[in-house]
Peer 1: 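First, the structure itself, so that you have it in front of you.
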Amino acid sequence: MQISARNRSALLLIIVFPLLLAGCWDRNEIEETGIALGIGIDFPDEQEKGARPIIAMTHQFALPNQFSESTSSKVQKDYVNMSSKGPIVFDNIRELSTRSARPPNYEHLQVIVISEKAARAIDLKNVINFFLRNTETRRSIRVVLSHGKASDIFQQQKSTKTPALELRELTDNYRKTLRIPPPLTLGNMSEHLTGQSSFVMQSAASSPEGAKLSGGAVIKGTTARMIGFLSETETVGVNWLLGGNHSNGIVEGVEPNSGAMLGYEVRKITSSIQPIVQGDNISFRVKIKTTGKLREDWAFPGDAFDADFINRAEQATAAKIKQIAEKALAKTQRQYKVDVAHFGKRLSIKQPAVWKRVKDGWEERFSRMPVSIEVEVDIQEFGTRGTKRN
Amino acid sequence: MMDDTQLSKELHHNVEEIRKQIGHSPDVVIRSFCMGDLAFQAALIYIDGLVDKLMIHEQVLKPLMHLAKNAAEYDRRTAAAEAIISAGEVKEQNQLAVCVMEVLSGNTVLLIDGTHTAIVIDTHGWERRSIEEPVSEAVVRGPRDGFTETLRSNTAMLRRRIKDPSFTMEMYKIGRRSQTDVAVLYIKGLTNEALVEETRSRLKQIDIDEVLESGYIEQLVEDNRMSPFPQVQNTERPDRVAGALMEGRVAILIDGTPIVLIVPVTFAMMMSSPEDYYERWLPSSLIRLLRYGAAFIALFLPSLYIALISYNHGLIPTKLAISIAAGREGVPFPSIVEALIMEITLEILREAGLRLPKPIGQAVGIVGGLVIGQAAVQAAIVSPIMVIVVALTAISSFAFPQYGAGLAIRILRFGMMMAAAVLGLYGVILFYILITVHMTRLKSFGVPYLSPFVPAHPSQWKDLFLRFPLHMLKRRPAMVSPQDDKRQK
Amino acid sequence: MKTNDRSKDSITATQAAMMTAKAMIGTGILVLPQSIAKSVETPDGWLSVLLSGILAMLCGFVVVKLSQRFPGRTYYQYSQEIVGKWIGACIGAGMCLYYIFSAGYLLRVMGEVVRMYLLDKTPIVIIMLTFMGVAIYMTTAGINAIAQLIELFLPIIILIMVVFIIFSFRDFELDNLRPVLGEGFAPVLKGIKPSILSFSGFEVMLFVTAFMSEPHKAIRAIFAGIGLTAVLYTLVVAVAIGSLTVEEVQTVTWPTMSVAMNIELPGGFFERFESLFTVLWVISMFTAFVLYHYGGSLGFGQLTGKKFQLFAYLSLPLIFMIAIWPSNLNKLFKLGDYIGYASFFMFGIIPVMFLILAAVRRAQHANKRAQ
């Protein structure tokens with residue numbers, strides 16, 4: 001060996017010394033950063049005429065020392081909201097640093113709320129661009145639309161929970177109810193927007209008790225703007241069309257014989273979309289299959305041991321589901337002229353050649369295409385009590 | 001240093017010579033007497049305290065003075081003496097310097113007027129400690145005897161365990177002035193000859209004037225003297241040494257210390273305890289896994305804490321991050337300073353506890369750990385989570401079955417903390433790579449330190465993280481290349 | 001000293017396979033999905049990767065066949081025999097330079113990724129210098145220690161990849177990979193060029209074969225190495241497209257990292273998989289860097305007849321200069337492309353020519369002897 005051990009250690013020292021002397025460029029103690037939990041994006045009313053539009057942002061920061069006070073009488077809030085204005089997102093963030101000694105840290109960002117106004121007025125691709133470029137913000141952050149101002153969502157009078165954290169937990173409730181659309185992550189949103197496909201996202205409204213998720217908001221892929229809300233029933237319909245994950249919602253049907261109410265709890269939904277191409281005519285057939293259990297019936301005797309009764313209950317539920325799904329289609333397909341249940345994607349997979357032809361202006365074409373819906377309900381069990389009479 | 005002056009025929013001349021060399025110390029006893037009826041002048045020379053006086057009196061002096069009647073039958077005077085002495089081990093010697101050496105090592109030299117030859121009688125008999133339980137390597141299940149300071153009784157303990165005729169013992173004297181007895185033990189026909197030869201040649205190269213403890217030998221024969229890792233295993237458990245011999249390794253016993261050296265050693269051997277083989281395989285496998293986990297914690301935890309708190313907060317779950325931030329609110333130091341304060345305090349406590357008498361040592365540990373930790377948190381010098389980190393690290397570093405391996409981890413932990421303080425997680429991973437690179441370069445007596453991980457001996461993985469049932473461990477460790485690798489059929 | 005100690009420069013077939021794989025798995029995993037998606041534009045990119053894997057195996061076959069003709073000698077040594085002293089030395093030096101450039105490129109990519117995901121404000125120079133400081137300690141230890149390190153680290157790297165792939169299944173949608181061959185086979189062919197470039201690295205067998213204890217197993221080793229890499233690459237491309245969609249993959253800088261950023265672990269026990277992934281990926285970059293660095297310095301050493309350790313130290317400043325040379329990310333990617341082209345020329349075309357030349361030489365030799 002031509003370079004001796006001594007020289008080698010000298011070399012090592014030369015490398016290590018400047019490190020110890022000058023090191024710690026990135027050191028940033030956890031308690032010295034502002035942990036941002038939520039961000040709201042608003043479009044203020046007072047825009048200057050002719051000038052570039054201005055957006056307003058609300059940051060919700062955690063206040064750790066309040067957070068840890070778990071003693072019974074918690075009067076102070078464990079968060080602080082800061083708002084700012086500027087033409088682009090980065091302006092807003094720079095403005096924050098003039099007011100807060102702690103640099104904002106987005107590694108724990110839970111949720112981004114975009115107000116209805118902002119979503120209608122600005123191209124959403126640009127709104128989320130900063131967050132996508134920034135390495136601190138994860139792609140799994142939830143994005144929610146708000147009825148009214150986004151900053152209001154982060155204000156809560158009564159609840160002692162941090163609004164951003166609570167909203168994040170709410171978005172995961174998708175599994176427990178059919179009334180809200182699937183949660184939308186920042187990554188999903190970006191994928192939809194780059195692919196120019198329309199989608200439904202969760203929408204929140206502020207109420208005195210705190211934020212509440214209600215229905216969905218429809219974003220049109222080609223313009224990357226919001227074009228309208230869906231009511232809760234319409235959202236249920238969209239969820240039926242999307243099928244997918246173990247939703248746990250309740251469907252109320254009417255038993256045809258007695259006209260009594262039924263409650264059906266969903267275990268599993270599978271929906272398959274079948275494109276039918278005949279020459280230039282394209283139509284779709286949606287098959288929705290669901291399994292679940294009978295939760296409640298108001299019929300007498302309501303004998304679940306009787307196969308006929310179960311059959312009738314299944315049919316009643318299926319009819320109801322079909323009705324709801326058609327309603328949702330009417331709203332999204334016919335009125336908003338968007339393809340939120342990815343009919344186009346199905347067509348492109350099944351018939352790539354046809355898809356190539358109709359790709360341009362797809363949603364306009366799609367709004368005129370006939371869609372038929374078939375529903376198949378399978379009641380697997382009915383709980384610990386089968387009938388009301390022996 | 002040894003001159004080869006022969007003994008002369010004159011008794012008084014020889015006595016004078018020896019006295020000149022040893023000096024007029026009061027513990028040197030020279031007993032002149034007349035050999036019974038034969039009337040030969042003779043002298044016994046020994047050092048008081050190193051010999052068994054009763055034995056000299058009963059088995060040497062008494063017969064020589066009273067029974068030497070029929071000596072005329074013998075043609076040599078020494079032969080006559082040998083016939084009379086009833087002590088077990090007797091040999092002849094005619095070099096002056098050797099005789100001096102024998103006296104100094106606790107033997108008795110009998111000089112007889114009119115011969116060139118002295119008789120060396122083995123009369124070792126110094127005060128020795130009784131066999132006790134090894135302090136540094138306690139086990140729950142397993143033999144309770146530990147080595148003592150006496151080489152002979154140590155070899156006896158091993159002989160009792162290995163009644164194999166090919167169990168070989170080679171004796172060396174190392175230390176120009178101390179002339180310490182060193183025994184190299186191996187099993188002929190099992191241990192690789194090359195390994196034994198390597199051990200011999202390394203021992204022969206040692207040129208030092210004293211060997212007070214096996215540590216001297218260890219440091220002089222190891223492959224890489226700059227490495228923080230011990231490359232020689234040391235133990236005070238005879239069962240461990242017997243096990244190592246049976247694996248085809250070589251043991252080096254040094255007189256005057258209960259610590260025995262075993263070569264070669266690999267990292268995996270450092271992580272195993274003899275108890276692993278005494279307990280049933282399921283618990284010992286789990287305990288071994290636990291030990292590796294503890295090693296990970298002892299090495300990484302404080303540096304991960306620093307890296308996560310000062311650099312990569314994002315890796316901590318949000319709610320935990322907020323509560324850690326709350327805990328650190330008011331702590332004036334960056335996490336590295338905080339960690340150093342606590343780690344150094346703990347190392348001091350540990351060192352202090354080691355030096356103090358046992359009952360006090362425990363008290364110091366408790367007082368230090370609990371009181372200082374609690375007070376430091378209340379004074380907002382450190383955060384509560386830091387105390388948890390430090391405590392967990394300290395406990396984990398006690399889980400090593402080998403003290404030396406634990407020491408290495410303790411040193412590296414500080415390096416790792418520095419790397420984390422400068423470069424965050426990147427520093428941690430770089431330092432980890434550095435350690436791994438160092439370990440792949442490291443060898444112990446020619447055996448790669450990381451084997452059997454690499455170079456991979458998949459057949460040996462049965463006794464690595466998990467200890468497979470005994471009936472499946474049919475081969476000896478391949479990395480020491482034993483001549484006979486079958487352990488069982 | 002030991003009877004069966006693998007002491008002096010002898011490498012097992014497994015180690016050779018692992019080294020081949022490790023030389024390829026480095027930067028490719030990070031940038032491949034994007035370049036594939038850009039040139040293929042349909043979700044069929046993973047097919048191109050598989051095809052290129054087979055092509056790479058062909059090249060690998062040639063490389064090994066060539067090396068096996070000269071047992072115990074490296075490319076640097078036998079190239080002079082095939083085409084004469086001067087041309088051979090030039091080609092050898094070219095290959096050394098290629099390794100130096102590859103090492104520099106890899107160093108910079110590593111620095112960029114670490115800067116982006118771990119250390120924002122730390123000068124990239126420091127990141128690269130510390131990395132090189134550790135690397136030189138490994139390189140100077142020689143090929144045996146390097147092989148052992150790779151043997152130790154490759155399973156870890158594969159484990160990381162498997163964990164990564166399993167975790168991203170939550171976000172994976174098979175529909176994003178469909179339709180398969182929706183626009184025919186033409187797009188797949190377009191993807192072969194960018195993907196074959198990311199297979200460069202198997203040529204380490206040009207010198208590794210010389211150190212193998214059983215050189216006749218070299219073919220199996222290189223096929224195993226390339227096969228493993230091809231499978232990993234295919235899975236990564238498929239996962240990236242399947243969880244991000246083709247359109248999205250085209251728009252992101254480090255698609256693999258973006259997939260990692262999508263990953264959300266249930267229970268939120270540890271968040272930000274991408275930071276963890278970056279950290280562990282440094283291990284992968286390290287092993288690849290050491291191989292290139294060793295390949296380069298070994299070449300210079302054998303060409304000049306000096307110890308390679310000397311050149312390992314001497315080449316460090318050069319590698320560092322190459323690493324800081326591209327002034328921005330786009331230029332860096334360009335450099336990567338050029339290195340890929342160079343490797344295609346040097347290890348796709350030259351070995352074939354050499355193999356033919358060597359065969360002709362031998363035939364002439366045999367003829368002479370026959371006469």
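Note on naming: letters A, B, ... go to the chains in the order of the sequence lines (proteins, then strands), and numbering restarts at 1 for each one. It should be emphasised that the depicted structure is a prediction, and the values quoted were computed from it without experimental measurement.
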Peer 1: Quick check on B/R200: does its CZ atom have over 12 non-hydrogen neighbours (other residues, nucleotides or ligands) under 6.0 Å away?
Peer 2: yes
Peer 1: Would you say B/H313's side chain and A/H108's backbone share a donor-acceptor pair under 3.5 angstrom?
Peer 2: no
Peer 1: Distance check, rounded to the nearest 0.5 Å: B/T318 atom OG1 versus A/E107 atom CD?
Peer 2: 10.0 Å
Peer 1: Taking B/S335's backbone N and O only, do any of them form a donor-acceptor pair with A/E29's side chain (distance below 3.5 Å, no angle check)?
Peer 2: yes
Peer 1: Crowded around A/R179 CZ? As in, over 12 foreign heavy atoms under 6.0 Å?
Peer 2: no
Peer 1: Check for a donor-acceptor pair, side chain of A/E31 on one end and backbone N or O of B/A325 on the other, with a separation under 3.5 Å.
Peer 2: no
Peer 1: Are the side chains of A/I30 and B/I316 in touch, meaning some heavy atoms are under 4.5 Å apart?
Peer 2: yes
Peer 1: Quick one, A/L37 with B/I322, criterion side chain to side chain contact (heavy atoms under 4.5 Å, CB included). Give me CA distance, side-chain angles, the key distance, then yes/no.
Peer 2: CA-CA 10 Å; A/L37 295 174; B/I322 295 174; 4.2 Å; yes
Peer 1: State, yes or no, whether a side-chain contact exists between B/K319 and A/L165 at a heavy-atom distance under 4.5 Å.
Peer 2: yes
Peer 1: Nearest 0.5 Å please: distance from the CD1 atom of B/I336 over to the CZ atom of A/R27.
Peer 2: 10.0 Å
